[in-house]
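Reckoned from all heavy atoms, side chains included, excluding hydrogens, waters and symmetry mates.
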Amino acid sequence: MYDQITVMAKELYEKSVALRRDLHRHPETGWLEMRTSAVIAGILTNLGYEVLTGRQVVDDGARMGLPSEEARREHAKLVREGWDTPLTYLTEEMEAGYTGVIGILRCGQGPVCALRFDIDALGVLEDENACHRPAREGFASQCPGVMHACGHDGHTAIGLGVAEVLMNLRAQLHGTVKLIFQPAEEGVRGARAIVSKGHLDDVDYFVGTHLAPLDGPDDGAVTPATYGSLATTKYDILYRGAPAHAGGFPEKGRNALLAAACAAMGLAAIPRHSEGSSRVNVGTLHAGTGRNVIPDYAKMEIELRGETTEINEYMAENARRVCEAAAAMYGCTCEMICMGAADSHHSDLTLADRAAAVIERELPDIRVSSVRCARNWGSEDISLMMNRVQSHGGQAICMRNITAMEAPQHTADFDFDEKVLEEGIRVFSAIAYDLLRDEPLHG
């Protein structure tokens, strides 16, 4: 059966490359993945999956970091009128910003296996130089200032290839497959809304991945598990004071800019925690209308991170104290709006060892890294899905698929070797087949 998986993945390679390049041409940022969701829904529907979209996928109240209504309307118009969008599968809820898709394949009694693929792009202006392959070969972004600069177009193409392989194998599977195509991973905004909807509550096995560069710590084509993504919280902080003429009546003003500046300095002074690393960054501060007007409004964007969820909570608690105290000092008000959040994560080594054994035994041309569980970098809201599965006794891993990259992720000239698409399809399909070919766990 694993030989068949390899044959099917090879046959899907050109289709997967074409799909990845189509998605790369049409990048969409978090909660605006309207066309992307329609494409995914169409493919899964035609394959025969039970397909969930819109409010079936996400809990409205748990969505974070939503775009403005103006941005949403403008993008919906572009998707409907300016791009080659499969309108049959573009729903009103997608256009309203309820993006993401879940495909379900029910194969009788047995375990529930969820595979996660993130689908959003970044606010990066893509390189137009001819030495950049997407520009040279005609699949660069058609949305100025937005780019698939992290490989999520590849993740999505892998996920849809896996969908086709598993559908072809359904007669040999016992249990249920959930293919989760997650919106708004960038800024850690989307996973919480899927978790809150309950989609992970019955999952026995959970597998995710991320493309990673050759120059990292991994010495193989696949690292079966990772750990240590920093827990994080992102805030928009709004200060409101009172305007006044800076020369005529300064005592009547309440300076929101100074309150925000005071908070920015205070945030950098939060004592670090003895039990692990922590981070704080003030990314933006916008305030003021003129040199002779006391600013009555300021907006600051910050992020906090911690090696563990507990350390991140410590940083968040102190950040709230600092920001509110700064507001009080200048007679202003302070509103902190959470724009994104994720926990730290760990992978289950039992599942990691099982995945490694399957790859080494059945896909011997794909080298498994010597370190089964490598430390991750940055932050990733896949942690919320993993933690939910593990909270009720399920097992979860977040892998890395290693590939050559033209430039680092999140940069204007990022690109990757598309051979990883075929490898990714084989790896996910083989792991899922191994997990679901056993005798049923339930009943």
Go through D415 and R20 one step at a time and tell me if the salt bridge (charged side-chain N to carboxylate O under 4.0 Å, His left out) criterion holds. CA-CA 11 Å; D415 189 26; R20 179 258 165 163; 3.0 Å; yes

Run E422 and S16 through side chain to side chain contact (heavy atoms under 4.5 Å, CB included) and show every step you take. CA-CA 8 Å; E422 178 188 316; S16 299; over 6 Å; no

Apply the test side chain to side chain donor-acceptor pair (under 3.5 Å) to residues T403 and D417: give CA-CA distance (whole Å), side-chain angles for both, the deciding distance (0.1 Å), then the verdict. CA-CA 6 Å; T403 182; D417 186 342; 5.0 Å; no

Audit row: R240, D296, salt bridge (charged side-chain N to carboxylate O under 4.0 Å, His left out) steps and yes/no: CA-CA 5 Å; R240 292 181 175 87; D296 66 336; over 6 Å; no

Worked check of side chain to side chain contact (heavy atoms under 4.5 Å, CB included) between S379 and R305: CA-CA 8 Å; S379 301; R305 302 186 196 231; 2.8 Å; yes

Side chain to side chain donor-acceptor pair (under 3.5 Å) between Q395 and D204: does it pass, once the steps are laid out? CA-CA 6 Å; Q395 299 178 39; D204 299 293; over 6 Å; no

Given the rule in the side chain to side chain contact (heavy atoms under 4.5 Å, CB included) test, do E423 and V222 qualify, once you have shown the distances and angles that lead to the verdict? CA-CA 9 Å; E423 291 181 355; V222 177; 5.7 Å; no

Hey, mind stepping through E307 and R375 against salt bridge (charged side-chain N to carboxylate O under 4.0 Å, His left out) and telling me if it holds? CA-CA 11 Å; E307 187 170 337; R375 186 178 186 86; 3.7 Å; yes

Report the C-alpha separation of E380 and H210 in whole Å, then their side-chain angles, then the decisive distance to 0.1 Å, and conclude whether the side chain to side chain donor-acceptor pair (under 3.5 Å) test is met. CA-CA 10 Å; E380 239 279 15; H210 206 296; 4.6 Å; no

Check the pair T29, D120 against side chain to side chain donor-acceptor pair (under 3.5 Å), reporting the backbone distance first and the verdict last. CA-CA 5 Å; T29 54; D120 57 325; over 6 Å; no

Please report the C-alpha distance between L23 and T36 in whole Å, then the side-chain angles of each, then the deciding distance to 0.1 Å, and finally whether the side chain to side chain contact (heavy atoms under 4.5 Å, CB included) criterion is met. CA-CA 7 Å; L23 296 172; T36 304; 4.1 Å; yes

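Side chains of N401 and T209: a donor-acceptor N/O pair is present below 3.5 angstrom, by distance only. Between the side chains of H75 and E28, a donor-acceptor pair is found at a separation under 3.5 Å. Side-chain contact of N312 with T233: a donor-acceptor pair under 3.5 Å is present, judged by distance alone.
Heavy-atom contacts from other residues, nucleotides or ligands closer than 6.0 Å to CD of E14 number 12 or fewer. For E50, the CD atom counts as densely surrounded, since its 6.0 Å shell holds more than 12 non-hydrogen atoms of other residues, nucleotides or ligands.
Salt bridge absent: R320 and E317 never bring a charged side-chain N and a carboxylate O closer than 4.0 Å. With respect to R133 and E418, a salt bridge is recorded, a charged nitrogen being found less than 4.0 Å from a carboxylate O. Under 4.0 Å is where a charged nitrogen must lie from a carboxylate oxygen, and between D381 and R189 no such pair does. Taking a cutoff of 4.0 Å between a charged side-chain nitrogen and a carboxylate oxygen, E303 and R279 do not qualify as a salt bridge. Comment: D60 does not engage K197 in a salt bridge, judged by the lack of any side-chain N to carboxylate O separation of less than 4.0 angstrom. Using a cut-off of 4.0 Å between Lys/Arg side-chain N and Asp/Glu carboxylate O, E95 and R35 are scored as not salt-bridged. Between E301 and K234 there is no salt bridge, since no side-chain N of the basic residue sits under 4.0 Å from a carboxylate O of the acidic one. Contact check on D202 versus K178 returns a salt bridge, with a Lys/Arg side-chain nitrogen under 4.0 Å from an Asp/Glu carboxylate oxygen.
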Side-chain donor-acceptor distances from residues 39-46 under 3.5 Å, at least two apart:
| residue | atom | partner | partner atom | Å |
| --- | --- | --- | --- | --- |
| T45 | OG1 | A41 | O | 2.7 |
| N46 | OD1 | Y89 | OH | 3.3 |
| N46 | ND2 | G42 | O | 3.1 |

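Exactly one residue among L179, T176, L435 makes a side chain to side chain contact (heavy atoms under 4.5 Å, CB included) with C113. That residue is L435. The only member of H345, H346, R372, R400 that meets side-chain hydrogen bond (donor to acceptor under 3.5 Å, both in side chains) when paired with T226 is H345.
Ring-plane geometry between F414 and F416 is classed as tilted, the angle between the planes lying from 30 to 60 degrees on a 0 to 90 degree scale. Using the six-membered ring where Trp is involved, F428 and F117 have ring planes that are tilted, between 30° and 60° apart.
Judged purely by atom type and a 3.5 angstrom limit, D219 uses its side chain to pair as donor or acceptor with the backbone of S370. Proximity of a side-chain donor or acceptor of S141 to a complementary backbone N or O of C143 within less than 3.5 Å is detected. For H155 (side chain) and L211 (main-chain N/O), a donor-acceptor pair under 3.5 Å exists by modelled atom type.
Taking the ring centre of F181 as origin, the terminal cationic atom of R116 falls outside the region bounded by 6.0 Å and 45° from the ring axis. The cationic group of R55 lies under 6.0 Å from the six-membered ring centre of Y98 and within 45° of the ring axis, placing it in a cation-pi geometry. Under a cutoff of 6.0 Å and an axis angle of 45°, R63 and W31 form a cation-pi pair.
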